[in-house]
2 protein chains.
Amino acid sequence: MGLTKTEEFTKTQNDLAAFAKALGHPARIAIVQFLIRTKSCMCGDIVDELPLSQSTVSQHLKELKKVGLIKGDIEGPSVCYCIDEKVWKRARKAIADLFASHNEPSNCC
Amino acid sequence: MGLTKTEEFTKTQNDLAAFAKALGHPARIAIVQFLIRTKSCMCGDIVDELPLSQSTVSQHLKELKKVGLIKGDIEGPSVCYCIDEKVWKRARKAIADLFASHNEPSNCC
DNA sequence: TTTTTTTATCGTAAAATTGCGATTATAAAA
DNA sequence: TTTTATAATCGCAATTTTACGATAAAAAAA
C-alpha cells in the first residue's frame, strides 16, 4: 500500500506525527538549525550549507513549509526563509506535551 | 535514489532525525500514547487498540524499538511493551534543545 | 504430545521518499 | 530588450515505507 491510514487517527495524533515527520530527516534538521543560527536566511545560503543539490534542498524546504514550521518571503529573485514563530511554538508544545505526559516510571519491563 | 545521505550530517542531526522519524506516523504516536496511558502494555492490547492489522502493528513496534524509545519483555507467549525511560529522556532533551535554541524572534520575513 | 495463544517474520503490492539533472519561472540588472 | 541570478518544478530512478495475509516460532495449556 504505502498509504497511511490518516482518517483512523485523531487530529492531535496526525498533527503530532506530521511535525515529527517533517523533522525526521537530517537535512531538514540541518536546515532548521541553520535558520535558527543565522540572521540571513536566503535559500541560496541554505543550499551552500548543505551537501545536497539545489533541487533536493528546495524539496526539503517545501516539506518544512507544508507543515508550516518555516515560511518564505520572496525578495527580488531570491527567497528569504525563516522559522514561523506561531507554528514553531505549536509544534514545540505538542511535542513537549507528549513527552511530559509520561511522568511516572513504567511499572513493568 | 531514495537513500538518505546520512554520512553527510552530524551524529546529533542524525539522532534527532531518527527520533523524529520514529514518531512521524500517527500509529506510532498512538502506540506511545497508549503505552503511557495504560499500566499493562501487552502487545495484543495495542493491536486491539489500533485500527491496523497485527502484522502492521508489529512493524510499527519494531521501528519504535529500533530507535530505543520502547522496549519489550517476553512474558510467556506474549510480550510486555513499555517506554524505555533512558532513551525517552534522551529524545525528550534532544528535541527540547532544538526547539529551545530558537529564542529570539526572526528578524526577517 | 498436541493444541492453543501470542507475536515476529516473510512475501507482496502500492505509494511515498530521497536525490539529481534539466527545465521553467520570476525578477533584477545590464 | 536581453541577460543574469535565484529558486521552484518536472521527470526519472532507486529505495523505503505502509499495509496486509499467510506463515513461522515459542511457550503455555490441555
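Quick caveat: nothing in here was measured; it's all calculated off a predicted structure. Order of the sequence lines sets the chain letters (A, B, ...), proteins ahead of strands, with each chain counted from 1.
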Roughly, in whole Å, what's the span from [atom1] in [X] to [atom2] in [N]?
X: A/L61; N: D/dT9; atom1: CG; atom2: P; result: 11 Å
X: B/Q59; N: C/dT9; atom1: CD; atom2: C1'; result: 9 Å
X: B/K66; N: C/dA8; atom1: NZ; atom2: P; result: 15 Å
X: B/L64; N: D/dT18; atom1: CG; atom2: P; result: 11 Å
X: B/K62; N: C/dT6; atom1: NZ; atom2: C1'; result: 17 Å
X: B/L50; N: D/dC20; atom1: CG; atom2: C1'; result: 15 Å
X: B/K71; N: C/dT7; atom1: NZ; atom2: P; result: 18 Å
X: A/H60; N: D/dA8; atom1: NE2; atom2: P; result: 13 Å

Apply the test side chain to side chain contact (heavy atoms under 4.5 Å, CB included) to residues B/I74 and B/V79: give CA-CA distance (whole Å), side-chain angles for both, the deciding distance (0.1 Å), then the verdict. CA-CA 4 Å; B/I74 295 167; B/V79 176; 4.3 Å; yes
Show me the protein contacts with nucleotides 22-25 of chain D, counting only N or O atoms at under 3.5 Å.
none

For nucleotides 25-30 of chain C, read 5' to 3', which letter fits each nucleotide if B means a protein heavy atom sits under 4.0 Å from the base, S means only the sugar-phosphate is that close, and - means neither? --SS--
Among the candidates C/dA8, D/dA7, C/dG19, find the nucleotide nearest to the side-chain atoms of B/K65. C/dA8
Choosing from D/dA8, D/dT18, C/dG19, which nucleotide comes nearest the side chain of B/R28? D/dT18
Value for CG (B/L50) from CG (B/D45), rounded to nearest 0.5 Å, stands at 11.0 Å
Pairwise distance OH(A/Y81) to CD1(A/I46) - rounded to 0.5 angstrom: 7.5 Å
Kindly say if A/S53 contacts the phosphate of C/dC20, meaning a side-chain N or O under 4.0 Å from OP1 or OP2. yes
It should be established whether A/Y81 places a side-chain nitrogen or oxygen under 4.0 Å from OP1 or OP2 of nucleotide D/dT6. no
Specify the closest pair of heavy atoms between [X] and [Y], including all atoms of both residues, with the distance to one decimal.
X: B/C41; Y: B/L35; result: CB-CD2, 3.4 Å
X: A/V47; Y: A/V57; result: CG2-CG1, 3.9 Å
X: B/S101; Y: B/L98; result: OG-O, 2.6 Å
X: A/K5; Y: B/P51; result: NZ-O, 3.6 Å
X: B/I83; Y: A/H102; result: CG2-NE2, 3.7 Å

Describe the nucleic acid contact of A/T4 in one word from base, sugar-phosphate, nothing, applying a heavy-atom distance below 4.0 Å. sugar-phosphate
Kindly indicate, with the supporting measurements, whether the criterion side chain to side chain contact (heavy atoms under 4.5 Å, CB included) is fulfilled by B/L64 and B/H60. CA-CA 6 Å; B/L64 286 169; B/H60 283 303; 5.6 Å; no
List the residues meeting ring-ring contact (aromatic ring centres under 6.0 Å, His included) with A/F9, not counting sequence neighbours, and say none if there are none. none
Any residue in residues 11-27 of chain A with a heavy atom nearer than 4.0 angstrom to DNA chain C? Just list them by number, or reply none. A/K21, A/H25
Using the rule given for side chain to side chain contact (heavy atoms under 4.5 Å, CB included), can you reason through B/I70 versus B/L61, listing the C-alpha separation, both sets of side-chain angles and the distance that settles it, and then say yes or no? CA-CA 8 Å; B/I70 69 171; B/L61 287 168; 3.7 Å; yes
Take B/D97 and B/K93, measure what side chain to side chain contact (heavy atoms under 4.5 Å, CB included) needs, and give me the verdict at the end. CA-CA 6 Å; B/D97 283 354; B/K93 177 162 170 38; 2.8 Å; yes
Taking distance alone, no hydrogens or angles, what donor-acceptor pairs closer than 3.5 Å link side-chain atoms of residues 18-26 of chain B to residues at least two apart or in another chain?
residue, atom, partner, partner atom, Å
B/H25, ND1, B/A27, N, 3.0
B/H25, NE2, A/T4, OG1, 3.3

Taking the nucleotide of DNA chain C with the nearest heavy atom to each, does B/S58 or A/L52 sit closer to the 5' end? B/S58
Might you list the N or O atoms of the protein lying below 3.5 Å from N or O atoms in nucleotides 12-15 of chain C, with each pair's distance?
residue, atom, partner, partner atom, Å
C/dA13, N3, A/M1, N, 2.7
C/dA14, N3, A/M1, N, 3.3
C/dA14, N3, A/M1, O, 2.6
C/dA14, N3, A/G2, N, 3.2
C/dA15, O4', A/M1, O, 2.5

